[in-house]
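Remarks on the structure that follows.
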2 protein chains.
Amino acid sequence: MATIYDIAEEAGVSIATVSKVINETGRISDKTRQRVKEVMKRLNYQPSVVASALTKKRTYMIGLLIPDLANPFFAELARSIEDHCHELGFNLVICSTDNEPDKEERSINLLRQKSADGIILATGGKNQDIIRNLIQQNQAIAVIARGMPSLSVDTVLVDDNLGGYLAASHLIELGHRDIAVIAEDLEVMSSKERVRGYRQALEDHHLPYREDRIRVSAFHVKGGKDTAGQILDEPDRPTAIFACNDLLAIGAMQAAYERRIAVPEEVSIIGFDNSILAAHMNPPLTTIAQPIQELGRQVVNLISQEINGDKTTKQRIVLLPELVVRGSTGSRKG
Amino acid sequence: MATIYDIAEEAGVSIATVSKVINETGRISDKTRQRVKEVMKRLNYQPSVVASALTKKRTYMIGLLIPDLANPFFAELARSIEDHCHELGFNLVICSTDNEPDKEERSINLLRQKSADGIILATGGKNQDIIRNLIQQNQAIAVIARGMPSLSVDTVLVDDNLGGYLAASHLIELGHRDIAVIAEDLEVMSSKERVRGYRQALEDHHLPYREDRIRVSAFHVKGGKDTAGQILDEPDRPTAIFACNDLLAIGAMQAAYERRIAVPEEVSIIGFDNSILAAHMNPPLTTIAQPIQELGRQVVNLISQEINGDKTTKQRIVLLPELVVRGSTGSRKG
DNA sequence: CTGAAAGCGCTAACAA
DNA sequence: TTGTTAGCGCTTTCAG
């Protein structure tokens with residue numbers, strides 16, 4: 001690999017001059033600029049970001065913590081974030097944490113050792129201490145798709161409460177009066193909010209709220225399937241299920257399928273996220289859509305402003321979810 | 001952020017000593033080692049990888065080029081690679097290229113500027129020049145899920161030819177005699193191989209091969225849907241479709257659904273990859289399974305050996321795909 | 001067992 | 001407009 005010294009020598013100038021043409025700083029005569037550029041091209045020179053990072057304190061690398069890259073919702077979100085990072089000249093380092101505080105901490109330490117310019121968090125609803133720490137150490141961070149109500153941190157998320165409300169209202173309007181919920185970890189804010197929205201909808205329609213209709217499940221398909229199985233095996237099973245994400249909803253559909261319970265004829269199922277999976281299920285899944293592209297765009301904007309320091313006030317951007325009616329929900333029979 | 005100087009001063013030793021305890025090199029007395037460690041902990045010291053990279057020529061960062069992170073197959077593959085990278089102390093930088101040579105080149109340049117220790121390629125079947133260049137520049141690389149027959153490069157992939165053969169044989173054994181293929185870009189080796197396997201199966205069963213039954217499509221759901229639509233709209237439509245990846249197969253199922261053509265009663269559809277989508281479709285998709293986890297594991301092993309230089313011969317590891325029969329294929333009627 | 005010092009490739013004053 | 005030079009934080013001989 002050629003270094004700045006090779007270029008300088010070959011072009012008959014000093015390394016400072018080369019540095020200036022690389023960074024387009026200072027004033028350089030057109031003639032030398034051309035000569036230097038020509039040499040750079042000829043030697044296939046790539047300036048070392050690691051060397052420049054040492055003095056500039058910029059690595060042009062952003063870290064992203066998500067629960068699981070294999071979860072289509074997060075994969076799509078990551079893709080959106082990746083694209084917008086590239087537009088601004090950043091690389092994206094993705095770390096899956098499985099929502100395990102251990103892995104979260106390890107990933108964050110790695111990112112700090114590598115001097116990531118910023119860290120985007122889509123995980124870690126619980127131990128907010130980690131985040132507090134980051135803030136305190138003056139690390140540029142932003143939170144996405146997760147509420148951190150008690151923290152002063154840039155955030156972009158969807159109105160989870162409204163989402164839960166929309167989901168439940170849709171089912172209620174279809175005539176359902178007994179609706180079960182498969183929730184993710186209730187310690188996580190956004191999860192709690194979705195359930196709160198559901199409950200609110202019940203109240204607004206003067207329907208009774210039953211604590212035992214709320215079930216917590218692991219956040220993948222299998223968890224949804226197991227939990228839905230328990231729900232459907234009960235003697236007084238509900239006529240509808242609100243699954244707090246699409247993966248859980250798919251699990252629920254499988255549980256119904258295995259029991260020969262028709263969807264939506266005998267049980268309606270609604271999901272949350274509107275990941276690629278939803279549209280392609282059979283029946284296609286009714287769900288609450290998160291504006292994934294927009295979430296990614298906004299969070300990259302926030303963090304880049306944060307990194308560049310041209311922003312001093314934190315903000316919380318709340319996008320609104322939308323109900324997408326497909327084939328997995330129908331009016332209550334019997 | 002504390003630096004090595006802060007630690008040295010606080011512990012009353014030289015920076016060389018601190019460096020040695022960090023890297024566990026040289027011989028340090030237990031007593032000073034303990035003292036230094038204590039100080040590091042107390043000051044929450046994180047050694048700067050960017051500084052050490054400058055001398056050690058190691059960034060502990062591996063780049064991964066894939067067509068699209070939002071494609072569940074690649075998301076799962078990336079997750080597997082990520083996990084194994086972490087085990088070995090590497091971070092993963094993922095770049096989606098949409099199979100566009102431009103983006104591939106840009107991504108690779110970025111990775112080189114950042115001195116990625118290694119680059120894993122799951123994209124770029126075409127312009128092998130890029131890869132040739134990398135090899136020539138002595139960059140550690142490995143190719144996954146893509147054949148580069150004319151290149152001397154570490155590779156781990158599935159036997160695509162066998163996969164195509166298994167898919168076609170399965171359909172033939174179900175009584176199908178007219179099987180269409182929805183292929184990806186035929187310039188890409190693995191794509192070509194799948195079709196070759198299909199053709200071989202036809203021959204082995206003394207069935208005629210029709211050039212016009214092979215259709216090339218963009219590699220996402222919509223492409224599969226459009227292409228399948230054309231196929232299904234023909235007067236002498238085939239009784240089965242072999243889609244060269246699950247996304248295309250899903251598109252095909254949608255096309256059939258829209259035309260009220262029952263799957264598998266009126267048309268059988270088989271996919272390739274066995275991504276998370278396959279099992280959860282309705283009917284669940286029969287497909288050719290790639291051992292995604294194993295692919296990831298092996299490629300990380302290869303590249304890490306390559307990086308550490310404890311390997312001089314290149315190898316090509318070929319894993320065998322398996323037929324997974326589900327509900328989207330059935331015996332030919334009528 | 002410990003430390004002094006050179007150097008990794010680049011940036012950023014400051015001089016010239 | 002161009003060049004000199006002092007770091008950035010760490011590793012690595014080489015002395016002591």
Side-chain angles (χ1 to χ4, degrees), chain A residues 1-40 43-61 89 109-117 137-138, chain B residues 1-37 39-40 43-61 89 109-117 137:
Chain A
M1 281 284 272
T3 74
I4 201 172
Y5 288 93
D6 301 326
I7 306 300
E9 185 167 330
E10 186 77 10
V13 296
S14 74
I15 58 166
T17 303
V18 178
S19 176
K20 280 167 195 154
V21 350
I22 293 173
N23 298 292
E24 302 184 338
T25 55
R27 347 194 99 280
I28 300 290
S29 74
D30 255 24
K31 217 176 57 184
T32 48
R33 194 206 322 287
Q34 291 318 320
R35 187 148 38 90
V36 171
K37 281 195 170 172
E38 183 271 318
V39 174
M40 296 200 309
L43 300 193
N44 191 14
Y45 170 69
Q46 303 279 12
S48 159
V49 173
V50 359
S52 79
L54 204 52
T55 48
K56 285 209 294 196
K57 270 89 182 68
R58 270 278 202 299
T59 54
Y60 299 98
M61 166 180 132
N109 281 340
L110 270 179
L111 291 172
R112 304 221 68 214
Q113 290 181 192
K114 299 209 169 156
S115 310
D117 291 340
Q137 291 174 54
N138 223 340
Chain B
M1 280 284 273
T3 74
I4 201 172
Y5 288 94
D6 301 325
I7 307 300
E9 185 168 330
E10 186 77 10
V13 296
S14 74
I15 60 166
T17 302
V18 178
S19 176
K20 280 166 195 154
V21 350
I22 293 171
N23 299 292
E24 303 185 336
T25 56
R27 347 194 98 279
I28 300 289
S29 74
D30 254 24
K31 217 177 57 185
T32 49
R33 194 204 323 287
Q34 291 319 320
R35 187 147 38 90
V36 171
K37 281 196 169 170
V39 175
M40 295 199 310
L43 301 193
N44 190 17
Y45 171 67
Q46 303 278 12
S48 159
V49 174
V50 359
S52 79
L54 203 52
T55 49
K56 286 209 293 196
K57 268 89 184 72
R58 270 279 201 299
T59 55
Y60 299 97
M61 165 181 133
N109 281 340
L110 269 179
L111 291 173
R112 303 220 68 215
Q113 290 180 194
K114 299 207 170 158
S115 310
D117 291 340
Q137 291 174 55

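Numbers restart at 1 for each chain; the letters A, B, ... are given by sequence-line order, proteins then strands.
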Given the rule in the side chain to side chain contact (heavy atoms under 4.5 Å, CB included) test, do A:Leu111 and A:Met61 qualify, once you have shown the distances and angles that lead to the verdict? CA-CA 9 Å; A:Leu111 291 172; A:Met61 166 180 132; 3.9 Å; yes

Kindly determine whether B:Val13 and B:Arg35 satisfy side chain to side chain contact (heavy atoms under 4.5 Å, CB included), including the steps that lead there. CA-CA 10 Å; B:Val13 296; B:Arg35 187 147 38 90; 4.1 Å; yes

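For A:Glu9, the CD atom is loosely surrounded, since the number of other residues' heavy atoms within 6.0 Å does not exceed 12.
Between atom CE of residue A:Met1 and atom CG of residue A:Asn44 there is a gap of 8.0 Å, rounded to the nearest 0.5 Å.
OP1 or OP2 of C:dC10 sits under 4.0 Å from a side-chain N or O of A:Tyr45. Between B:Thr32 and C:dC1 there is no side-chain N or O to OP1 or OP2 distance below 4.0 Å. Taking side-chain N and O atoms only, A:Ser14 has a distance below 4.0 Å to OP1 or OP2 of D:dG3. Side-chain N/O atoms of B:Thr17 include none lying less than 4.0 angstrom from OP1 or OP2 on C:dT2. Proximity of B:Lys57 to the phosphate of C:dG9: a side-chain N or O atom is located under 4.0 Å from OP1 or OP2.
Nucleic acid contact for B:Ser19: base, since at least one base atom lies under 4.0 Å from a heavy atom of the residue. Residue-level contact check: A:Val13 touches the backbone only, with heavy atoms under 4.0 Å from sugar-phosphate atoms and none from bases. Within 4.0 Å of B:Thr25, counting heavy atoms only, lies no atom of the nucleic acid at all.
Distance CD1 (B:Ile15) to P (C:dA4): 9 Å, rounded to an integer number of Å. When rounded to the nearest whole Å, the span between OH of A:Tyr60 and P of C:dC10 equals 14 Å. What separates CG of B:Asp6 from C1' of D:dC8 is a distance of 13 Å, to the nearest Å. Look at CD on B:Glu9: it is 13 Å from P on C:dG3, rounded to the nearest Å. Per the geometry, CE belonging to A:Met40 stands 17 Å off P belonging to C:dG9, to the nearest Å. Atom-to-atom, CD of A:Gln113 to C1' of D:dC10 comes out at 13 Å; the value is rounded to the nearest Å. Computed from coordinates, the B:Leu54 CG to D:dT11 C1' distance equals 10 Å when rounded to whole Å. When rounded to the nearest whole Å, the span between NZ of A:Lys31 and C1' of D:dT1 equals 11 Å.
Between the A:Lys114 side chain and the B:Tyr60 main chain, a donor and an acceptor come within less than 3.5 Å of each other.
Nearest nucleotide to the A:Ile4 side chain, out of C:dT11, D:dT2, D:dT11: C:dT11. Considering only the side chain of B:Ala51, D:dC10 comes nearest among D:dC10, C:dC10, C:dT2. Checking C:dT11, C:dG3, D:dC10 against the side-chain heavy atoms of B:Pro47 singles out D:dC10 as nearest. For B:Arg27, whose side chain is taken as the heavy atoms from C-beta onward, the closest listed nucleotide among C:dC1, C:dT11, D:dG9 is C:dC1. With distances taken from any side-chain atom of B:Tyr5 to the nucleotides C:dA12, C:dT2, D:dG9, the minimum falls on D:dG9.
For C:dG3, its base sits under 3.5 Å from the side chain of B:Lys20 at one donor and acceptor pair at least.
Screening A:Arg33, A:Met40, A:Glu38, A:Gln34 for a side-chain contact (heavy atoms from CB on, under 4.5 Å) involving A:Val36 leaves a single residue, A:Met40.
Residue whose closest nucleotide on DNA chain C sits further toward the 5' end, between A:Val18 and B:Arg33: B:Arg33. Nearest-nucleotide positions on DNA chain C for B:Gly12 and B:Thr55 put B:Gly12 closer to the 5' end.
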